[in-house]
Amino acid sequence: MTATAAAIIPAAGQGLRMGSNTPKQFLELAGRPLFIHALLAFQQVAAVKAVVLVVPAAQRASVERLLAAAALPPWEGQLLLADGGRLRQDSVRAGLEALPFEPQVVLVHDGVRPFVSAQLIESCIGAALEKGAVIAAVPVKDTIKKVVASGAVAATVDRSDLWQAQTPQAMRTELLRQAMARALADGFEGTDEASLLEHIGVEVAVLPGSERNIKITRPEDLVVARALMEQRNKTAAGEPLAAEQESRGGMERTELRVGHGYDAHRLVAGRDLVLGGVVVPHELGLLGHSDADVLTHALCDAILGAVGGGDIGRHFPDSDPQYKGISSLLLLERVVTHAAAEGWRLVNADVTVVAQRPKLAPFLAEMRRRLATACQVQESALNLKATTTEKMGFAGREEGIAAHAVVLMGRG
């Protein structure tokens with residue numbers, strides 16, 4: 001990705017709904033404050049050259065000590081601090097003014113969303129470059145009621161076109177500056193950056209976010225976050241999850257299904273070659289509505305096939321503009337969430353990529369890591385292979401790349 005981006009992480013709120021004397025962004029998760037988990041995700045994205053943490057002025061020295069104690073990994077970008085304001089938009093404005101250079105894209109991310117992924121950040125940057133402004137969001141799932149002042153239900157709201165906004169919210173820097181200036185001049189108070197852009201007539205696109213990209217607002221959210229972190233740490237350490245341990249000890253009680261997925265895309269000039277969520281250096285890339293990641297698409301179709309969920313086209317049609325250029329790892333996360341809602345989990349997967357060029361062996365380990373994270377399994381549950389066709393067929397002629405995936409899904 002050739003774009004230059006910077007992130008602003010507002011972490012200056014009081015978090016009164018947590019019922020704690022400590023502002024929620026400073027509460028610990030796995031031994032680190034929440035805002036540091038968010039920071040680490042942005043430092044994994046090559047396009048992000050600077051991050052501004054916006055913190056309460058009275059606690060700036062404390063934040064500096066927390067950052068020093070966190071022993072953050074080496075990063076080539078710049079990490080800066082800015083003092084927060086009364087409103088969220090005041091804090092974002094302070095972060096914007098603290099930027100050491102003028103990036104093409106600015107991302108604003110809640111300091112209390114610790115599970116944002118590098119893939120979602122990358123997709124937001126790409127969508128903002130193309131469309132001007134974008135927010136991560138998820139469709140509203142629960143039934144929505146309109147309630148009058150007396151507390152009675154007035155109506156059931158149609159939720160078919162309702163989405164729950166998340167962060168990152170990404171936009172071209174000049175658009176955010178214009179929105180900030182107009183809000184200041186008009187005395188307009190927005191609830192997020194998208195509302196500020198809407199105020200000046202900018203169209204904001206929606207990019208499918210992740211159900212795991214939760215916001216820590218109440219004490220029960222922290223309980224969920226700790227469970228998610230424990231699961232992620234076990235996966236990273238190669239330990240079997242509880243569901244896998246149960247199935248290994250009593251496979252006879254587990255319903256098993258096999259699924260197969262296949263995908264192929266044409267190679268063209270002017271596109272990145274994305275496989276397994278990894279950008280592979282090559283003079284050609286795969287053509288498609290999303291990032292055209294055939295490896296991940298095949299895995300999605302295999303999972304959907306095993307659980308009777310149709311195919312990837314049914315869930316993410318190429319006629320829907322919200323999926324244009326999206327990272328296929330985000331689609332995989334949604335497929336895994338769909339399967340989990342029906343009680344299914346991935347036991348193991350075997351995926352083969354068919355490509356004459358380039359050589360993929362040096363990239364398979366990183367692909368495996370990213371796919372395992374999206375599937376919420378340990379890396380040993382995934383096997384990746386790359387092969388050629390000895391110059392036969394469309395893959396051999398380097399007209400395209402294909403992938404096959406076979407999965408075993410378990411339930412019970």
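Heavy atoms only: backbone and side chains are in, while hydrogens, waters and symmetry mates are out.
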Taking the basic N atoms (NZ, or NE/NH1/NH2) and the acidic carboxylate oxygens, is any pair closer than 4.0 Å for [X] and [Y]?
| X | Y | answer |
| --- | --- | --- |
| E102 | R177 | yes |
| D90 | R93 | yes |
| D192 | R88 | no |
| R368 | E366 | no |
| K141 | E211 | yes |
| R266 | E398 | no |
| D350 | K385 | yes |

About how many Å separate [atom2] of [Y] and [atom1] of [X], when rounded to the nearest 0.5 Å?
| X | Y | atom1 | atom2 | result |
| --- | --- | --- | --- | --- |
| F35 | Q25 | CZ | CD | 8.0 Å |
| S123 | L331 | OG | CG | 8.5 Å |
| F188 | H199 | CZ | NE2 | 5.5 Å |
| S328 | F316 | OG | CZ | 9.5 Å |
| L273 | H265 | CG | NE2 | 11.5 Å |
| M367 | L329 | CE | CG | 11.0 Å |

Pairwise side-chain contact, [X] with [Y], heavy-atom cut-off 4.5 Å (strictly under):
| X | Y | value |
| --- | --- | --- |
| I9 | V51 | yes |
| L360 | H282 | no |
| V354 | I401 | no |
| V134 | Q169 | no |
| I8 | L107 | no |
| L40 | R32 | yes |
| V112 | D221 | no |
| V406 | V351 | no |

Check your understanding: Can you check whether H109 and F42 have ring centres sitting under 6.0 Å from each other?
Key ->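 Yes - the distance between ring centres of H109 and F42 falls below the 6.0 Å cut-off.
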
At their closest point, which heavy atom of [X] faces which heavy atom of [Y], and how far apart are they?
| X | Y | result |
| --- | --- | --- |
| A170 | V105 | CB-CG1, 4.1 Å |
| S327 | Q119 | OG-CB, 3.9 Å |
| K131 | A205 | CD-CB, 3.6 Å |
| H260 | Y262 | CE1-CB, 4.0 Å |
| C124 | A136 | SG-CB, 4.5 Å |
| D301 | G261 | CB-CA, 3.9 Å |

Side chain [X], main chain [Y], donor-acceptor under 3.5 Å:
| X | Y | value |
| --- | --- | --- |
| T156 | K145 | no |
| R212 | L228 | no |
| R271 | L286 | yes |
| N213 | F115 | no |
| K359 | Q356 | no |
| D293 | L295 | yes |
| Q89 | G190 | yes |
| Q166 | S210 | yes |
| D320 | Y323 | no |
| R370 | G277 | yes |

Practice item. Give the C-alpha distance, both sets of side-chain angles, the deciding distance and a yes or no for salt bridge (charged side-chain N to carboxylate O under 4.0 Å, His left out) between E130 and R172. Key: CA-CA 9 Å; E130 179 183 353; R172 288 188 172 272; over 6 Å; no

Exercise for review: Report, as yes or no, whether the 6.0 Å neighbourhood of atom CD on Q164 holds more than 12 heavy atoms from other residues, nucleotides or ligands.
Suggested key: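 No, not enclosed.
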
Point to revise | Heavy-atom neighbours of E203 CD exceed 12 at 6.0 Å | key: no

Practice item. May I have the step-by-step check of side-chain contact (heavy atoms from CB on, under 4.5 Å) for V274 and V280, ending in yes or no? Key: CA-CA 6 Å; V274 182; V280 178; over 6 Å; no

Practice item. Given side-chain contact (heavy atoms from CB on, under 4.5 Å), test M180 with L196 step by step and report yes or no. Key: CA-CA 7 Å; M180 286 291 179; L196 299 178; 3.8 Å; yes

Check your understanding: Do R334 and T337 pass the side chain to side chain donor-acceptor pair (under 3.5 Å) test, and can you show the C-alpha distance, the side-chain angles, and the key distance before you say yes or no?
Key -> CA-CA 5 Å; R334 294 185 66 180; T337 298; over 6 Å; no

Exercise for review: Decide side-chain contact (heavy atoms from CB on, under 4.5 Å) for Q178 and R182; before the verdict, give the C-alpha distance in whole Å, the side-chain angles of both, and the deciding distance to 0.1 Å.
Suggested key: CA-CA 6 Å; Q178 292 170 22; R182 175 70 67 82; over 6 Å; no

Check your understanding: Using a distance-only test with no angle check, is there a side-chain donor-acceptor pair under 3.5 angstrom linking D263 and H297?
Key ->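 Side chains of D263 and H297: pair found under 3.5 Å.
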
Practice item. Let me see the working for H315 and L304 under side-chain contact (heavy atoms from CB on, under 4.5 Å), right down to the final yes or no. Key: CA-CA 10 Å; H315 292 265; L304 290 168; 3.6 Å; yes

